[in-house]
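Data block below; observations after.
In what follows, chains are A, B, ... by sequence order, proteins preceding strands, each numbered from 1.
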Number of protein chains: 2
Amino acid sequence: MQNIRVAVDAVVFGYANHKLYVLLIQQKFGGSQLQWALPGGLVQNDETLKAAVERELKEETNVSVKYLEQLYTFGDDVHRDHRNRVISVAYLALVDSSNIEIQANTDALDVAWFPVDELPDLAFDHNTIVHKGLQRLQAKLTYEPIGFDLLPQTFLFSDLEALYTSILKKEIDRRNFRKKMLGFGILEETEFYCQQKAGRPAKLFQFKPAEYQRLQQEGFYFEIKFV
Amino acid sequence: MQNIRVAVDAVVFGYANHKLYVLLIQQKFGGSQLQWALPGGLVQNDETLKAAVERELKEETNVSVKYLEQLYTFGDDVHRDHRNRVISVAYLALVDSSNIEIQANTDALDVAWFPVDELPDLAFDHNTIVHKGLQRLQAKLTYEPIGFDLLPQTFLFSDLEALYTSILKKEIDRRNFRKKMLGFGILEETEFYCQQKAGRPAKLFQFKPAEYQRLQQEGFYFEIKFV
DNA sequence: GCAAAAGTGTTCGTACTACACCCATGG
DNA sequence: CCATGGGTGTAGTACGAACACTTTTGC
C-alpha cells in the first residue's frame, strides 16, 4: 500500500535594493529546531497543485504573486520525514516586492525576505529547491521577459539593468542593453519621471505584455545575452 | 486525510525512418476500453522517482534508456481516476531505437512504437504529457546536444540533419548545418563508412561527450538555431 | 553514363561589441 | 558649481544566411 504524501513548496523571489530576495517562513509546528523554510504544505484532495500553492502562500504569507510556474518535483529523499515519505512539487513565483506587505498569517510564526546569497540552513531539502529556482530564473531571464514581474508596473531603465546584472552576475554595457531592450518594441515610455534621488530625472518605462504576445505569435523571440 | 496516489509516467522517444516515435503500452488491467498509454505506474514507498521510472520501463517494455530527465508533474486532473486522485510525475526519455528489442514484459499486454504525429487517443491525460515531452525535446535539441541520444553510437551526418529537420519541422541548409556542428568540435570522424544504400558512401561520425563536458566548463554553449 | 546521396567555399548582410562624452537636476 | 545618475552614436568585427556544383559509388 502506497504511503506517500504530496506537498507543494514555493520559491518566491522578490527584488529590491539591487538584490534578489527569497520569501521564507517559520512554521508554527516545527517541532525540533525552528528552522526557516519555504512556504508550502500538503495538497488537499480536491484542489489542483497550483491552487494549493496559492492557498498556502495566502495562508502563510499573505502575498499574491505576479508569475507562477511549476519548477520541479523533489521526491528522491525517501526519508525526508521519518513518519511519512513526502514528495514536494516545487513552484517558482515572482512578485513585485515593492508593492507587498508580507505578514505572518494563520499558519506561520514568522515571515521574512532573505537575500538569496545569504540564506541560512533551511528545513528539509529547501536549499536545493531554492538553488534550482534560481537556476530557472537565471535561464528564463535570458529568453523570456519575466524580469518585469519582479518590478513595479513602471520602472527605471537603470533598475531593469541592475536586475539583470545582479541576478545573472554578469556585467553589461548600458548603451547596448538599452538599445536591445528598446529594439524589441515591448517597452513603452511613460510621461512620468522618477521622483529623484539624485542626478538627472529618469523616465519611467512600462512593459507591454499584449505587444509581446502579438510579436511572439509572429515568430519573435525575446533574448538577452551576455558575454 | 490526504488520499492521493503518486505515479510516474515516461515519454520515451525513439527515432527511425526519419520519424520520431513514442513508446506506448496496453495495460493488462485496463478495465474498460483497451487504450494505449504511456509506460508508468505507482511509485513504491522506498524507491526514488527515477528508480520507479526505470523499474516500470523494465517491467513493461524491457527498454533501458540513454537519457532520462524529469519533465513535469501532472496533478491538476482531480478526477483522473474515480477512486483515488493520482498525480503523475512525467519523465522524458530518449533511446537509440535501432538498438532495442521492445517486448511486452510481465506488466504489459502489448508494447509498440507510434509515430508521434499519428498518436491514437491515449489513456488519461497522456496525450497532453506526450505533447509536453515533444515541446521539451524540441527546445532542448537547440541548446543541448541530446539529439545524439536518439542515434546509434556512430551515425551519418545526413541522419543527424534529418533528425533535426524532422523533429523541429524546419528546413536547414546542409552546408551551414555541417559547418556549425563540426565547428563545435564535439564530433569525431570515424574511419568507417556507411554500408551504402545508394550514392556516394558516407563517413560515420560519433559524438564525444567528454569533449563536450570539457568545453562546457570553459563556458562553451551548444546552440543550433533555425530561421 | 546516369541516378543517388555526399561533400565542399564564398559572398553578403546583419547584429553584437566596444567605447566616452554631454545632460539635467538638487544641493 | 559640483556631484550624481541619465541619456546617447559610431566604427569594427564576427557570425549566420544564402546559394550550386563536384565527387563517389551502384546499377
(request) Report yes if at least one side-chain N or O of K180(A) is closer than 4.0 Å to OP1 or OP2 of dC16(C); otherwise report no. (result) yes
Review point. Is the number of heavy atoms from other residues, nucleotides or ligands within 6.0 Å of CD (Q216(A)) greater than 12?
Key: yes
is_close_aromatic(F222(B), F184(B)), centroid dist under 6.0 Å: yes
Between NZ of K225(B) and P of dA15(C) the distance, given in whole Å, is 12 Å
At a 4.0 Å cut-off to heavy atoms of chain A, the contacted part of DNA chain D spans dT4(D) to dT10(D)
When rounded to whole Å, the CD to C1' distance for the pair E223(A) and dC16(C) reads 12 Å
- [ ] Indicate yes or no: at least one non-hydrogen side-chain atom of V22(B) is less than 4.5 angstrom from one of W113(B).
- [x] no
Whole-Å distance, R175(A) CZ to dA15(C) C1', equals 17 Å
| task | Pick base, sugar-phosphate or nothing for K179(A), based on heavy-atom distances below 4.0 Å to the nucleic acid. | result | base
Kindly indicate whether the side chain of Q35(A), heavy atoms from C-beta on, has any atom under 4.5 Å from the side chain of L122(A).
-> no
In whole angstroms, the gap separating P of dA15(C) from CZ of F226(A) amounts to 19 Å
Point to revise | Test item: F157(A) and F205(A) side chains (from C-beta on) under 4.5 Å apart, heavy atoms | key: yes
Checklist entry - With a 4.5 Å heavy-atom cut-off, do R174(A) and K179(A) have their side chains touching? => result no
Side chains of L23(B) and V95(B) in contact at under 4.5 Å (non-hydrogen atoms):
no
Taken to the nearest whole Å, CG/N176(A) to C1'/dC19(C) is 9 Å
Give me, pair by pair, the N or O atoms of the protein and of nucleotides 1-7 of chain C that are less than 3.5 Å apart, along with how far apart they are.
{"residue": "dA6(C)", "atom": "OP1", "partner": "S158(B)", "partner atom": "OG", "Å": "2.7"}
{"residue": "dG7(C)", "atom": "OP1", "partner": "K203(B)", "partner atom": "N", "Å": "3.1"}
{"residue": "dG7(C)", "atom": "OP2", "partner": "R178(B)", "partner atom": "NH1", "Å": "3.1"}
{"residue": "dG7(C)", "atom": "N7", "partner": "R174(B)", "partner atom": "NH1", "Å": "2.6"}
{"residue": "dG7(C)", "atom": "O6", "partner": "R174(B)", "partner atom": "NH2", "Å": "3.2"}

Here the distance between atom C1' of dG9(C) and atom CG of D173(B), to the nearest Å, is 12 Å
Indicate whether the side chain of T190(A) and that of T154(A) have a donor and an acceptor atom separated by less than 3.5 Å.
no
Is it the case that more than 12 heavy atoms not belonging to E171(B) sit under 6.0 Å from its CD atom?
no
